[in-house]
Structures are given as structure tokens and as C-alpha cells.
Amino acid sequence: MTGYRSLFRTPEFTPLFLATAAQTAAQTIGGLALGTLVFRATGSPLLSAVSMFGQSLAQVLGATVLLSGADRLPPRTALSAIALAFAAGTAVQALPGLPAGALLAVLLPLGLIASLGGGVRWGLLNEILTKDGYLPGRSLFNMVSGLSQVAGFATGGALLAAVSPRTCLLLAAALYLTAALVLRLGLTSRPPRAAGRPSASATWRVNAALWSSRPRRLTYLGLWLPNGMVVGCESLYVSYAPHAAGTLFACGALGMFAGDVTVGRLLPASVRARLATPLLLLLATPFLVFSAHPPLPVAAACVTVASAGFGASLIQQERLMRLTPDTMTGQALGLHSAGMLTLQGLSATAAGTLAQLTSPATAMTAMAASSACVTLTLAMASRRPRARREESPLPSN
């Protein structure tokens with residue numbers, strides 16, 4: 001397997017890596033600040049959850065009309081423009097006097113733009129690295145995402161105790177601007193991976209082709225549903241522990257980091273391929289403890305252990321890449337990213353609604369139980385003989 005050190009000797013890997021780390025830190029600091037700002041203004045667990053994860057709801061619209069751009073736009077230009085758009089949108093949210101409704105309204109255009117970003121970024125990563133380098137490369141990106149979230153939530157929590165949420169939003173905007181500069185100056189000008197102009201019809205055509213195979217459908221559902229429901233649990237940290245939400249988010253990021261290191265670097269391929277379902281069950285099960293309203297130290301331990309299960313996505317992405325031709329990798333990974341974030345947004349909304357009617361702890365328990373049930377259902381479906389017969393990849397077009 002390709003070593004982590006050799007990845008940094010690959011041209012363009014380092015600037016893409018650093019820019020992604022800056023964007024992740026911006027997202028965590030800005031998301032925590034926005035969720036806190038909305039919760040203080042409204043006292044609503046639902047609106048707080050939507051403010052942190054509702055941007056993902058717009059991903060479903062972007063995935064149906066914009067996603068063909070993941071393979072049909074020059075990567076450097078697209079990634080730089082996306083980072084600049086987030087810098088501008090986050091700066092707008094920091095304007096004083098904006099009502100909660102206006103803060104939430106900004107999330108829609110940002111979500112549409114973000115639906116394109118995942119496909120462009122991961123398609124470029126797949127292009128930069130060799131075939132056997134994608135999994136360790138994505139693992140390293142996930143690891144830095146975990147560390148950036150630990151640092152971002154810890155920093156955001158400390159800043160929120162000292163300054164206003166709007167100041168934290170301005171810091172997030174500055175980080176997005178830094179990422180845009182790194183991408184523009186550090187990446188080379190590459191042509192699009194596929195010919196033709198981005199369009200809604202092209203997006204629909206390729207999405208339909210990607211969805212036409214049962215193994216790919218099951219892989220996508222496994223990437224979207226269990227993960228999304230657990231993020232519904234995470235969306236309630238602010239309302240479950242208003243003064244310690246940053247601690248819970250940081251513990252989750254630390255657990256995700258440990259899971260990515262284990263899956264991406266320590267496990268041999270023969271073992272790794274069998275662990276997707278166990279890891280997804282690990283992702284959900286510890287959240288069932290929240291039914292007992294555990295104190296903060298116990299809750300933090302449960303969150304840390306559970307988040308190691310996010311490493312399952314590396315195994316599932318590796319399988320998705322085996323089933324997808326090179327000319328569609330950007331849109332395939334973009335569909336994964338957009339679908340995952342959409343389900344996260346829907347789950348956050350569902351969890352917030354249930355918490356509004358019951359309690360955050362009850363809603364977290366329900367979402368975790370649903371995630372475990374979905375994981376077991378998909379595992380049984382994947383063992384059917386038809387799933388094994390349909391392993392051939394899509395033809396290139």
C-alpha cells in the first residue's frame with residue numbers, strides 16, 4: 001500500500017490537502033458559531049440543528065442539476081471559486097442584526113455550491129494519485145478532517161466563551177479565503193476529465209447510469225443512510241449540552257481520526273473488506289447509551305468510540321471506485337458526497353423535530369437505533385446472489 005509520506009511527494013497533493021484542512025476548520029468553527037447564535041436567539045433544538053447541518057439539504061437539488069460539472073469543469077477554477085463563495089457567504093452571516101431566518105436563508109445557495117465541491121475535489125484526488133494511492137490518500141484527508149474538527153471545535157468552543165459568535169464567523173470566512181488562495185496558487189491548470197458542458201440533462205444521465213447497478217445502489221445506500229442518521233445524533237449536541245457541545249464534537253472528531261488511521265493504514269485489504277458492516281454498527285450502538293441521559297464524561301466516551309465507525313466509508317468508497325470508470329469518478333464521488341450530506345441534513349432535521357417533541361437524548365437514541373437497523377438490512381440485502389452477479393463496472397462513455 002502507498003505510504004502517507006510518499007503522498008506528499010506527489011505534485012498538487014499538498015496544496016489540495018492544506019486547502020481542505022483550512023476549509024474543514026472553517027466549517028467547524030463557523031458551524032458551531034452559527035448553531036450557537038441561532039440557539040441563543042430562538043431556544044429551538046430544531047433550528048439549531050438545521051443551522052449546523054441544514055446546508056446539506058440543498059445538496060439534493062445540486063446533485064440533480066449541477067453534479068455533471070464535477071467532471072466537466074477545470075478543477076482548479078472550480079475549487080477556488082467554491083472556497084471564495086463560502087468566504088463571502090460566511091461573512092454575510094456575520095453581519096450584525098440579521099434575524100435567524102436570514103441566517104438560515106444563506107445556507108441554501110451555499111449548499112447548492114457545496115454539492116459540486118465534493119465531486120470536484122475527490123475526482124481531482126483520484127486523478128492526482130495512482131489507483132492504489134486513492135484509499136490511503138482519502139484516509140489521510142479524513143484524518144486531517146478529524147484533526148481539523150478537533151482543533152476547530154476546541155478553538156470555536158474557547159472563542160465562543162471569550163468573543164461573540166459573529167466574530168467566530170468572521171474567522172471562518174478568513175479561513176475559507178485562505179483556502180481559495182492556496183488552491184489558486186498551488187494547483188496546476190488541468191482540463192476537465194470529461195468532454196461537454198455541465199448541464200442538468202448530463203447530470204441526470206450519468207446519475208441514472210451510476211444508479212443502474214444493484215451493487216452500486218447498495219454501496220451508495222450504505223454510504224448515505226447509517227452515516228446520515230448518526231449525524232442526526234451529532235446535530236443535537238448543542239441542545240443536549242449547550243455549554244459542552246464543542247467537547248462532544250471534538251471527541252467525535254478524535255474518534256473519526258482513530259478509525260481512519262486504523263482502516264486506511266493498519267488493516268490489510270483482506271481484513272478491511274469484511275469490516276464495513278461491523279464498523280457501521282459501531283457507529284450507531286454507543287449512542288443508545290444516551291437513553292439514560294449520561295453525564296458528560298460518559299457521553300464524551302460514547303461519542304469517541306462510536307465515531308471510529310466512520311472509517312467504514314473508506315471501505316465503501318474503495319468498492320465504489322472499483323465499480324466506476326475513470327471518466328465518471330468525479331460525478332460518482334460527488335453523488336456519494338451530495339447524497340451523504342443530504343441525508344445528514346434530513347437526519348438533522350428529523351432529529352431536531354423529534355427532540356422538539358420529546359428530548360435531545362430520546363431523539364439521539366431513536367436515530368442511533370434506526371441507523372443500526374438500516375445497516376443490518378443492507379447487510380442482508382448485499383448477501384443475495386443477484387448482488388454478487390452484478391459486479392461489472394459501468395462502460396465508459
Chemist: Kindly give the cluster partners of Leu177, where membership spreads through any ILVMFWY side chain lying under 4.5 Å from a current member.
Modeler: Leu84

Chemist: For Thr365 and Thr362, which I'm curious about, is there any donor-acceptor pair between the side chains at under 3.5 Å?
Modeler: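 No, no side-chain donor-acceptor contact under 3.5 Å.
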
Chemist: Check for me whether the distance between the ring centres of Tyr134 and Trp122 falls short of 6.0 Å.
Modeler: no

Chemist: Using modelled atom types only, decide if a donor and an acceptor are shared between the side chain of Thr375 and the backbone of Ser371 within a distance under 3.5 Å.
Modeler: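 Answer holds: yes.
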
Chemist: Under the salt bridge (Lys or Arg N to Asp or Glu O under 4.0 Å) definition, can you give me all pairs with a residue in residues 175-194, not counting sequence neighbours?
Modeler: Glu12-Arg190, Asp71-Arg193, Glu127-Arg190, Glu127-Arg193

Chemist: Extract all donor-acceptor atom pairs below 3.5 Å that involve side chains of residues 104-114 and protein atoms in other chains or at least two apart in sequence.
Modeler:
none

Chemist: For residues Met143 and Phe8: do they belong to one hydrophobic cluster (side chain heavy atoms under 4.5 Å, members Ile, Leu, Val, Met, Phe, Trp, Tyr)?
Modeler: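 Linked within one cluster.
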
Chemist: For the hydrophobic clusters of this structure (ILVMFWY residues joined by side-chain heavy atoms under 4.5 Å, transitively), does one cluster hold both Leu66 and Trp204?
Modeler: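 No: no chain of side-chain contacts under 4.5 Å links Leu66 to Trp204.
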
Chemist: Are Leu314 and Val271 connected, step by step, through hydrophobic side chains (Ile, Leu, Val, Met, Phe, Trp, Tyr) whose heavy atoms are closer than 4.5 Å?
Modeler: yes

Chemist: Find out if a path of hydrophobic residues (ILVMFWY) with successive side-chain heavy-atom gaps under 4.5 Å connects Leu67 to Leu343.
Modeler: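 As far as the 4.5 Å side-chain criterion goes, Leu343 and Leu67 are connected within one cluster.
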
Chemist: Could you check whether any side-chain N or O of Thr90 sits under 3.5 Å from a backbone N or O of Ala87, counting only pairs where one atom can act as donor and the other as acceptor?
Modeler: no

Chemist: Would Leu320 and Val206 show up in the same hydrophobic cluster when neighbours are defined by side-chain heavy atoms closer than 4.5 Å?
Modeler: yes

Chemist: For the backbone of Gly334 and the side chain of Ser337, can you confirm whether one donor and one acceptor N or O come within less than 3.5 Å of each other?
Modeler: no

Chemist: Please name the pair of heavy atoms, one in Gly35 and one in Ser51, separated by the smallest distance, quoted to 0.1 Å.
Modeler: CA-OG, 3.2 Å

Chemist: Could you tell me which non-hydrogen atom of Leu236 sits nearest to which non-hydrogen atom of Ala355, and how far apart they are?
Modeler: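 Looking at all heavy atoms of both residues, the closest pair is CD2-CB, 3.9 Å.
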
Chemist: Could you verify whether a donor N or O on one side chain and an acceptor N or O on the other, from Ser164 and Thr167, lie under 3.5 Å apart?
Modeler: yes

Chemist: Is Arg216 reaching over with its side chain to a backbone N or O of Leu323, donor-acceptor style, under 3.5 angstrom?
Modeler: yes

Chemist: Taking all heavy atoms of Val230 and all of Phe287, pick out the closest pair and write down the distance.
Modeler: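 Taking Val230 first and Phe287 second, the nearest heavy atoms are CG1-CE1, 3.6 Å.
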
Chemist: Hydrophobic cluster mates of Leu170, side-chain heavy atoms under 4.5 angstrom, ILVMFWY only, any path?
Modeler: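 Leu170 clusters with nothing; isolated.
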
Chemist: With sequence neighbours excluded, tell me which residues meet side chain to side chain contact (heavy atoms under 4.5 Å, CB included) with Ala379.
Modeler: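 Partners of Ala379 by the side chain to side chain contact (heavy atoms under 4.5 Å, CB included) criterion, ordered by chain and then number, come out as Thr277, Arg383.
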
Chemist: Not counting sequence neighbours, which residues clear side chain to side chain contact (heavy atoms under 4.5 Å, CB included) with Ser370? List them please.
Modeler: Met229

Chemist: List in chain and number order the residues that pass ring pair (Phe, Tyr, Trp, His ring centres under 6.0 Å) with Phe39, two or more places apart in sequence or in another chain; answer none if no residue qualifies.
Modeler: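 Phe39: no ring pair (Phe, Tyr, Trp, His ring centres under 6.0 Å) contacts found.
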
Chemist: For Leu95, what residues pass the side chain to side chain contact (heavy atoms under 4.5 Å, CB included) criterion, not counting sequence neighbours?
Modeler: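 Counting only residues at least two positions away or on another chain, Leu95 forms a side chain to side chain contact (heavy atoms under 4.5 Å, CB included) with Val92, Leu98.
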
Chemist: Who are the ring pair (Phe, Tyr, Trp, His ring centres under 6.0 Å) partners of Phe310, not counting sequence neighbours?
Modeler: none

Chemist: Do the rings of His293 and Tyr240 sit parallel, tilted or perpendicular, given the 30° and 60° boundaries?
Modeler: parallel

Chemist: Applying salt bridge (Lys or Arg N to Asp or Glu O under 4.0 Å), which residue pairs with at least one partner in residues 13-29 are found, sequence neighbours left out?
Modeler: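 Non-adjacent pairs meeting salt bridge (Lys or Arg N to Asp or Glu O under 4.0 Å): zero.
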
Chemist: Is it the case that the side chain of Thr178 and the backbone of Ala174 share a donor-acceptor pair, with hydrogens and angles ignored and the cut-off at 3.5 Å?
Modeler: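 Such a contact is found between Thr178 side chain and Ala174 backbone.
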
Chemist: Verify, without hydrogens or angle tests, whether Ser347 (side chain) and Gln344 (backbone) share a donor-acceptor contact under 3.5 angstrom.
Modeler: no

Chemist: Determine yes or no for a side-chain-to-main-chain donor-acceptor pair under 3.5 angstrom, with Thr285 supplying the side chain and Leu282 the backbone.
Modeler: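 Checked: no pair found.
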
Chemist: Which residues end up grouped with Val289 if you chain together Ile, Leu, Val, Met, Phe, Trp and Tyr wherever their side-chain heavy atoms are less than 4.5 Å apart?
Modeler: Val298

Chemist: Among residues at least two apart in sequence or on other chains, which ones pass side chain to side chain contact (heavy atoms under 4.5 Å, CB included) with Leu376?
Modeler: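 Applying side chain to side chain contact (heavy atoms under 4.5 Å, CB included) to Leu376 gives Leu281.
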
